[in-house]
Amino acid sequence: MPGVAALLSERLQSAFDTLMPGSDPVLRPSDRADFQANGALALAKRLGRRPVEVAQAVVAAARLDDLCERVEVSGPGFVNLVVSTAFVQRSVRTMAEDHRLGVEPAASPERVVVTYSHPNVAKEMHVGHLRSTVIGDALCRMLGHLGHDVVRENHVGDWGTPFGMLIEHLADIGEEAAVAELSVGDLTGFYQAARSSFDADDAFKERSRRRVVLLQSGDPDTLRMWRVLVEHSITYFDEVYAKLGVLLTDDDVKGESFYNSMLPGVVADLDAAGLLVKDEGALCVFPRGFTNREGDPLPLIVQKSDGGFGYAATDLACIRDRVDSVRATRLLYVVGAPQSQHLQMCFEVARMAGWLPDGVTVEHVAFGSVLGADHRMLRTRAGTSVKLVDLLDEAVSRAADAMAERGRDADLDAEERHAVAHALGIGAVKYADLSTDRVRDYVFDWDRMLSFEGDTGPYLQYAHARIKSIFRRAASDAPTVAEAGTHEVAEQASAIVIATPEERALGLGLLGYASAIQDAVEASSPSKLCAYLYGLATTFTTFYERCPVLRAPDEATRRSRLALVETTARVLAEGLGLLGIEAPERM
RNA sequence: GCCCCCGUAGCUCAGCGGAUAGAGCACCGGCCUCCGGAGCCGGGAGCGCAGGUUCGAGUCCUGCCGGGGGCGCCA
C-alpha cells in the first residue's frame, strides 16, 4: 500500500507530466488543507505562463476524485488538496490490517554498513560514545525495518602505541589483578595507572616502547596479554550495551587490529596509483581541496616517518574492506562532527584510488556534542568526562523517583516497577538524544528529558500506556475483547469508521507513518521519526479528550475507536522500537 | 590565518525554496462528575546583521558579528 502522500504525488505527477514531463509536483503538508502542491509556481516560470493558469491546468488534468473531496487553486498558484474521509477510512483500514502498518520494504534493498559506537579498549565509555551508539542503533533498526541488509560494525580502538604501556601495566600488576579490575568496569583506573607509570618512570616508558614493537611483530606472549585486555574490555562494553538496549554484539566488533594485515597493501596500492608522496619522512596523499593553516595542501598521512601506519591507513583499509569484501553499496559513519575533515579526506583519497566505485555511497553521519547546563561539553564536577554507565544508572534512578512521586508505581510489583523505571530512564536519555537534529550540539537536562510533558520519551511512552490501559479496562468490561487480544483487534479493521474531525485527524496522522520512516532513513535523521511520533501522540490526546472510546455512544463506534486506538498504539510501540526505545504496557 | 558546523519566542527545539514562521517548557486566561489531569482549549512574544539570487528566502549565495570545532606524523 503506497502512503497517502505517495499516492497523491503519483497522481499529480501524471498531471504535471502532461504540461512538462518530469516536473516536480512539490507536494507538502498544508495548514490550509491536508496537502498542497506547490509545483505549479515553478513550472509556470519555465512555461512562461501565469501560475494560476498552470495550477488550473494541473487540477483539470489530475485524476483525484476518488482520493480528494476538495481540490482547488489558491493564492498565487497553490493547489490545495483535501482528501476525502472515505479515502482516509479506506487507507486506515488497510493499514490496520497490515502487520507492517503500511511500511513497505525498500524496492531495491541495499547492503548498508553502519559503523558506530567505537569505544576504546581499556578506556571507559563516556557520554561521547552515547550519541554514536544511540543514533547508530536507531539507524540500523530503521534500515533493517525497510528491508535493507544492515551490517553493524563496531570499530573498537584495540590497537596503537598506548597498548605498549597498557600491556606493561598488565604485566606489572599481574593478569589476575588486571582482569579483576577490568571485569568490574574500572577501565579508567587501569588506564590512568598505566599512564602515570608511563609519565613518571623512564624505565617503564622504555619497556612500553619495546612492547609496542613486540605487539606489532606478533610476539605470542604479548598478543596473549593484548587479548586479555581486549576481551575483558569488550565484555564490559557488552554490559553497557545491554543496559542501553542496543543491538551491538561481539559479532559486530571489527576493531582496528582487524585491518592490520591490509595496511601494507593500502600503501602499496596508493603508491602504484601514483598518489603517494614522501613528505618530511612520512608517506602522504594530498587530496584536492584541503589546505592547512599556511594554505598549503593538507596531507593524509598513511605511513608515519617511523614506519608505523597512521589511522588514516586503517580508515582507508576499512573502506576497501567494506566495498570489496562486505560488498556494501552504502557506508554510514556515525562519527562526531569534529572528525568531518578527516573522514572527507579519507573518502576523497578512496575515490582518487578508485576504491569507491559509482554505485557505492558513503556518508558521514555527523553529530554534535552533548553539553551541560553551562553550554559547555558535559563533564563531571571534577572536570572529567562522565562515565556512560553512571549516566544511565542515574537516568533509571531518576525515573524510579519520578514514578514514586506520581504514585503510579503502587500497583506494580517490584520486578515490573524496576523494568518500567529502566524503560523510562533509558528511553528518556535516548529520546532526548535522538529527537534533536543530530548535527547540532544539544543541552543535556535531566528534568526536561524525564518530564512527562512535552516532546519527551516518557510522554510518548505514556500515550502508549494510556491506550493499553483502555484495552485492559475493555477486557474487564467485555471478555470478548480480551480474547481478541491486542494485535488481533487489528483484524477488526473493517470496523473502523471515520466520522468526527478528531477521528479523521488521527487517521491522517496514522497514515503518515510510512513516509516518516522513509524520510528519517533518507536523511539518516532519527529526529524526523521522533517528530512524527510526537505529533501523532498529541493528535491522539486531542482525539482521546473528545472521543470517548469505551463510552462511545454506540457499539459500532466503540469498536471503530478501539481499532483506531489499537492501531495508534501499534505505531507508537513500533516507532519507539525503531528508535531503540521500549514502550511498556503500563507505567 | 584557513576550513567545517551552529545562530529561529525568556529557555529548549521544529521548520523538506512557497501563503499568516510552528511545538514544548515557563508565563497569563479559560475548560473538566476527567475511558490514567502525566490532560484539553486559547493568549502574548522570534528568524544575529547587511547585501545578493528568485515571482517568492528562516531555508540558496557573499561579507560581517557571535558561539563551537578542526587544521602533518594521537585515534
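Convention: sequence-line order gives letters A, B, ...; per-chain numbering from 1. Bear in mind the structure is a predicted one, so any value in this text is a computation, not a measurement.
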Spacing of the P atoms in B:G36 and B:G22 (rounded, Å): 34 Å
So, for A:F290 and A:H342, is the gap between ring centers shorter than 6.0 Å? no
Sugar-phosphate, base or nothing in reach of A:P119, heavy atoms under 4.0 Å: nothing
Of A:A40 and A:K304, whose closest RNA chain B nucleotide lies nearer the 5' terminus? A:A40
Closest-nucleotide ordering on RNA chain B, the 5'-leading residue of A:G157 and A:S369: A:S369
Within this structure, what is the CG-to-P distance between A:L412 and B:G36, rounded to whole angstrom? 15 Å
Does the side-chain ring of A:Y544 sit on the six-membered ring of the B:C35 base, less than 5.5 Å centre to centre and under 30° in tilt? yes
Starting at atom NE2 of A:H118, determine the distance to atom P of B:A75, rounded to an integer number of angstrom. 15 Å
For the residue pair A:H155 and A:Y259, categorise the inter-ring angle as parallel (less than 30°), tilted (30 to 60°) or perpendicular (more than 60°). tilted
Heavy atoms only, 4.0 Å cut-off, all strands: where does A:S305 land among base, sugar-phosphate and nothing? base
Measure the distance from OH on A:Y333 to C1' on B:A75 and round it to the nearest whole Å. 14 Å
What orientation do A:H129 and A:H126 show, parallel under 30°, tilted 30 to 60°, or perpendicular over 60°? tilted
Take atom P in B:G24 and the same atom in B:C2, then report the distance between them in whole Å. 44 Å
Report which part of the nucleic acid A:C530 touches: base, sugar-phosphate, or nothing (heavy-atom distance under 4.0 Å, all strands). nothing
Measure CZ/A:R546 against P/B:C34 and give the value in whole Å, please. 16 Å
Could you tell me whether A:Q36 contacts a base, only the sugar-phosphate backbone, or nothing, with contacts defined as non-hydrogen atoms closer than 4.0 Å? base
Considering only the C1' atoms, how many Å lie between B:C3 and B:G44, rounded to the nearest integer? 43 Å
Answer with base, sugar-phosphate or nothing: what part of the nucleic acid does A:P338 contact at a heavy-atom distance below 4.0 Å? sugar-phosphate
Answer yes or no: is there a donor N or O on one side and an acceptor on the other, between the side chain of A:D158 and the main chain of A:V230, under 3.5 Å? no
Check the distance between B:G24's C1' and A:D445's CG and give it to me in whole angstrom. 13 Å
Rounding to an integer number of angstrom, what distance separates B:U12 and B:C27 when you compare their C1' atoms? 16 Å
Which part of the nucleic acid does A:Q344 contact within heavy-atom distance under 4.0 Å: base, sugar-phosphate only, or nothing? nothing
Report which part of the nucleic acid A:R28 touches: base, sugar-phosphate, or nothing (heavy-atom distance under 4.0 Å, all strands). base
Scanning both residues in full, the closest heavy-atom pair of A:A520 with A:L529 reads CB-N, 3.9 Å
To the nearest angstrom, the CE-C1' distance between A:M449 and B:C25 comes to 14 Å
Under 4.0 Å between any heavy atoms, over every strand shown, what does A:A366 touch: base, sugar-phosphate, or nothing? Just pick one. nothing
Using whole Å, what does the distance between atom P of nucleotide B:C13 and atom CG of A:D437 come to? 11 Å
According to the 5.5 Å centroid and 30° plane-angle thresholds, does A:F78 stack upon the nucleobase of B:A19? yes
Just checking A:A465: base, sugar-phosphate only, or nothing, at a heavy-atom cut-off of under 4.0 Å? base
Rounded to whole Å, the OH-P distance (A:Y459 to B:C13) equals 20 Å
Closer than 3.5 angstrom, by distance alone: can the side chain of A:E503 be matched with the main-chain N or O of A:T500 as a donor-acceptor pair? yes
